[in-house]
Amino acid sequence: RVLITGGLGQLGYGVASELRKEIGTNNVILSDIKVPDSSVKENGPFVHLDILDPEAIEKIVVNEDIGAIIHFSAVLSALGEQFPQKALDININGTQHVLDISKKHQLRLLIPSSMGAFGPSTVRQNTPDLAIMRPKTVYGIAKVYAELMGEYYNSKHGVDFRSLRYPGIISADSLPGGGTTDYAVDIFHSAVKSNKYNCYLKNDAGLAMMYIDDCVTETVKFFLADNNTLKQRVYNVDAISFTPEELANEIKKQWSEKFEITYAPDFRQNIAITWPEYMNDSKAREDWGYNPKIVSTKDLVSVMFQKINKQKSL
Ligand code: VAH
């Protein structure tokens with residue numbers, strides 16, 4: 001059975017739903033420190049879990065016969081710079097608890113990493129899996145730590161640790177969670193609400209991005225992949241690359257010519273320029289068949305407005 005931590009965040013619920021289709025509803029237990037709304041529990045098992053309480057994690061692992069953990073609990077990059085102590089506690093200590101329990105109980109452990117694990121000294125175009133990693137955010141430093149400690153537990157203790165470096169994930173049905181890339185989520189809701197958006201990044205801040213459905217299906221594919229097909233523990237995964245201006249122009253074309261974007265760069269611009277515009281994900285494609293469907297800004301904008309309009313009609 002699989003325990004998903006941080007289950008009420010941007011990715012948890014979608015990954016749980018997809019994984020439940022593969023291995024059965026009762027074999028995927030969502031957990032979070034937040035209280036879910038009733039619909040969550042109607043769709044499968046949910047337990048309250050504070051990731052900073054290792055005894056509580058171990059109790060669930062033992063009592064619920066857990067064989068694998070997908071560890072989504074994290075404070076994202078922008079929020080982490082506003083609350084660095086909290087980010088260190090959750091992203092480092094919380095992750096260490098999960099690593100130690102995975103070692104003790106020999107669990108499969110997927111901890112997502114991020115393009116945020118790269119920094120200003122990393123090449124920003126076609127960034128390879130193996131590159132300089134000197135990030136300038138607490139979030140990024142914690143991701144490098146998670147990657148390196150995960151690889152250590154894999155080589156020293158045989159833990160089946162695996163990790164994907166996500167780009168910015170764009171979803172219609174979850175509100176932004178304090179990420180630097182979340183302007184690309186906000187902008188759609190703002191376009192529908194007021195036909196304008198004030199962007200906290202510069203017009204030319206190109207970043208790697210991915211649509212949520214691809215993130216969900218490819219994460220489940222990677223999680224279920226046979227350990228022997230993985231030639232490395234950590235893989236870049238990339239899908240789309242655009243600047244705020246390119247995204248806004250596509251929204252003008254597909255939503256309304258009247259849509260207006262303004263720019264008021266803040267501290268998040270200083271984070272964004274240290275991250276890749278696009279990553280090289282050839283190893284993920286070769287080793288375990290990574291294959292995203294939405295690979296253009298045009299298709300992303302189209303699918304996002306279809307999703308939002310469907311939600312509005314419900
Ligand atoms: C963030 N959405 O912006 C997350 C992600 C690569 C971006 O790590 O912090």
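Read the numbers this way: they start at 1 and go in the same order the structure lists the ligands and their atoms. Numbers for residues simply follow the sequence, beginning at 1.
- For the residue pair E250/T297, the side-chain donor-acceptor check at 3.5 Å is not satisfied.
- Remark: minimum distance from atom 8 (O) of ligand 1 to any protein heavy atom is reached at Y139 OH, 2.6 Å.
- Residue contacts with ligand 1 include T181, since one of its heavy atoms falls under 4.0 Å from the ligand.
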**Message:** Could you walk me through whether Y290 and F222 satisfy the ring-ring contact (aromatic ring centres under 6.0 Å, His included) test, starting with their C-alpha distance in whole Å, then the side-chain angles of each, then the deciding distance to 0.1 Å, before giving a yes or no?
**Reply:** CA-CA 8 Å; Y290 171 65; F222 178 62; 9.6 Å; no
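- Within the listing of ligand 1, atoms 6 (C) sit less than 4.0 angstrom from a heavy atom of M115.
- Ion pair K231/E286 not flagged as a salt bridge, since none of the NZ, NE, NH1 or NH2 atoms sits closer than 4.0 Å to an Asp/Glu carboxylate oxygen.
- Distance from atom 6 (C) of ligand 1 to its nearest protein heavy atom, with residue and atom name: S114 OG, 3.1 Å.
- Listed by number with element, the atoms of ligand 1 under 4.0 Å from a non-hydrogen atom of L76 are 9 (O).
- At a heavy-atom cutoff of 4.0 Å, ligand 1 is contacted by both the backbone and the side chain of S77.
- None of V234, N227, D226 except one satisfies the side-chain contact (heavy atoms from CB on, under 4.5 Å) rule with L230; the exception is N227.
- Taking the six-membered ring where the residue is Trp, H157 and Y153 present perpendicular rings, their angle passing 60° and hence far from 30°.
- Distance alone, capped at 3.5 Å, is enough to place a donor-acceptor pair between the N154 side chain and the V159 backbone.
- In terms of polar-atom proximity, T180 is counted as a contact of ligand 1, with an N or O under 3.5 Å from an N or O of the ligand.
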